[in-house]
Each structure stands twice: as C-alpha cells, then as structure tokens.
Asker: 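Before I ask anything, here is the structure I am working with.
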Amino acid sequence: QQKVQQSPESLSVPEGGMASLNCTSSDRNFQYFWWYRQHSGEGPKALMSIFSDGDKKEGRFTAHLNKASLHVSLHIRDSQPSDSALYFCAASEHDYAQGLTFGLGTRVSVFP
Amino acid sequence: NSKVIQTPRYLVKGQGQKAKMRCIPEKGHPVVFWYQQNKNNEFKFLINFQNQEVLQQIDMTEKRFSAECPSNSPCSLEIQSSEAGDSALYLCASSHPGTANTGQLYFGEGSKLTVL
C-alpha cells in the first residue's frame, strides 16, 4: 500500500478556475509535507512545503495540513494553462537520509 | 532552469547491456539521491550519498545497480545488465544541510532509459 495517497488521479479545470488536490498519509512518522510539480519532459520542482497545521499561502497556491488526520491539500486559484502538469505530494521524516516518499500524482489539465 | 545537471537526457540500450547515467549536484549540496520514476509515475528511491559515502540503498541497487559520488567528479548510476523493467526516468536530486532535514530535494531533468 502506498504510504502517500493522492486523489483525484486527474483533474480538468477551466482557465481561471480553482483546482483542488488531496493527499493522505498512512505513516505518522512523516513530519514534513511537500508539493512538487512536474511538467512533461522535466524533472519535479518543489512548489511549496507545509509543516504546521493550518493553511499556507504562496501566491495563487494554498496548502492545508491537518496533522491529526495526516491530510494535506493543495488549492490552485485562478488556474493558468502553465499550471497543466503532474502534481506530487511528498512526505519526509525527521531524517534527511530517508529522502522523500512520493504519491502517484494528480494530473491537472487547464483548458481555455 | 535546473541546477542539477543530468546526462544523457535519453539513452537506449538492449537487454543485458550496461547503462550509465551521470549527475552533477547543485553546488554546495553534499547529499545526493537517485530515484527511479516508472511509466506509472511511481517514484522509487534507489540510493543516496553524503559527501561520497553511501547513506542508504535498496536491495535492487545492491545487485545490478552501482553508484558512486566521487569528490570533484560527477556522481554516476550504472546498471550492469539492463532489463526491460529498468525502462524508466532516472532522477538525480541534491539537498543541502539547511533544508535536508525537511526533505526538500532539488531535482535534475532526468535521464530517460529505454531498454529494448
């Protein structure tokens, strides 16, 4: 079973609309959560991190973490065509040697 | 643009052939990771290094895969005898002490291996 599960698998959003992505972890050792974005033909790039309960906003992106339920979400406001990509939720323990554990991703498509 | 440099971007090998990929981590980043991303987008951790020393590696890496991160040279990942199931995107990532404990990784663009 995947330790980091994402939903939905894919999402179509109109330009200017809101995209909402979800992520749940089954491992309570995870303390840090990340959202990574991967455009086709490129490597993943860190979008934002969230370590504390509550919301974190960076521009058009807002992440929310509920540590009790190990649920993380990402909301993309005013979606742009350039937001079309694979979005990965990733989690890490307090041990950098472990690296990141990734979910299987949500494919976001923004249509005009 | 990514500051982690991976070469080659693409390689095609026959079954049983060696496949070698290289990675130059971002300057000042002592920790280097190799991941395999398969066609289903699943990430599999392979091995990581800190200052040329192996920190952790999975069983698969210990058998057909070899990797090293010599000082003053690119890191490398080599598959001794390629199998069809090795076809994937191989991603190198690096991190520095300031962010390593939180897990932030800086990825290269990857080397896409196709085994015929």
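Order of the sequence lines fixes the chain letters, A, B, ..., with proteins taken first and strands second; residue numbering starts at 1 for each chain.
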Asker: Please tell me whether A:Leu100 and A:Phe51 are part of a single hydrophobic cluster in this structure, the criterion being side-chain heavy atoms less than 4.5 Å apart.
Answerer: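 Linked, A:Leu100 and A:Phe51 end up in one cluster.
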Asker: Go through the atoms of B:Tyr35 and report whether side chain, backbone, both or neither lie under 4.5 Å from a heavy atom of chain A.
Answerer: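 Looking at B:Tyr35, just its side chain touches chain A.
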Asker: What's the shortest heavy-atom distance between B:Phe43 and A:Gly103, and which atoms?
Answerer: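 Shortest heavy-atom separation between B:Phe43 and A:Gly103 comes out as CD1-O, 4.5 Å.
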Asker: Please report the interatomic distance CD(B:Glu109) to NZ(A:Lys45), rounded to the nearest 0.5 Å.
Answerer: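 NZ of A:Lys45 is found 4.5 Å from CD of B:Glu109.
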Asker: More than 12 heavy atoms of other residues, nucleotides or ligands under 6.0 Å from NZ of B:Lys112: is that the case?
Answerer: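 Not buried by this count: 12 neighbours or fewer within 6.0 Å.
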Asker: Restricting to non-hydrogen atoms, name the atom on B:Leu91 and the atom on A:Gly43 that form the minimum distance, rounded to 0.1 Å.
Answerer: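 So the two residues come closest at CD2-CA, 4.1 Å.
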Asker: Do B:Val12 and B:Leu77 sit in one hydrophobic cluster, given that two such residues count as connected whenever their side-chain heavy atoms are within less than 4.5 Å of each other, even indirectly?
Answerer: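 Different clusters: B:Val12 never reaches B:Leu77 through Ile, Leu, Val, Met, Phe, Trp or Tyr contacts under 4.5 Å.
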Asker: Rounded to the nearest 0.5 Å, what separation is found between the CG atom of A:Leu104 and the CG atom of B:Asn41?
Answerer: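 These two atoms lie 7.5 Å from each other.
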Asker: Spell out, yes or no, whether B:Ile58 and B:Val31 are grouped together once hydrophobic residues are joined by side-chain heavy atoms under 4.5 Å, including indirect joins.
Answerer: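 The answer is yes; both residues are in one hydrophobic cluster.
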Asker: Can you confirm whether A:Lys3 is buried at NZ, in the sense that more than 12 heavy atoms of other residues, nucleotides or ligands lie under 6.0 Å from that atom?
Answerer: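 Open: at most 12 neighbouring heavy atoms sit under 6.0 Å from NZ of A:Lys3.
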Asker: Kindly indicate, with the supporting measurements, whether the criterion side chain to side chain contact (heavy atoms under 4.5 Å, CB included) is fulfilled by A:Tyr36 and B:Gln104.
Answerer: CA-CA 10 Å; A:Tyr36 275 75; B:Gln104 182 170 6; 4.0 Å; yes
Asker: Looking at every non-hydrogen atom in both residues, tell me the closest pair between B:Gln37 and A:Phe88 and how far apart they are.
Answerer: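 Nearest pair, atom of B:Gln37 first, then A:Phe88: NE2-CZ, 3.5 Å.
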Asker: Among A:Gly41, A:Pro44, A:Ser49, which residue has the highest count of heavy-atom pairs closer than 4.5 Å to chain B?
Answerer: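 Heavy-atom pairs under 4.5 Å are most numerous for A:Pro44.
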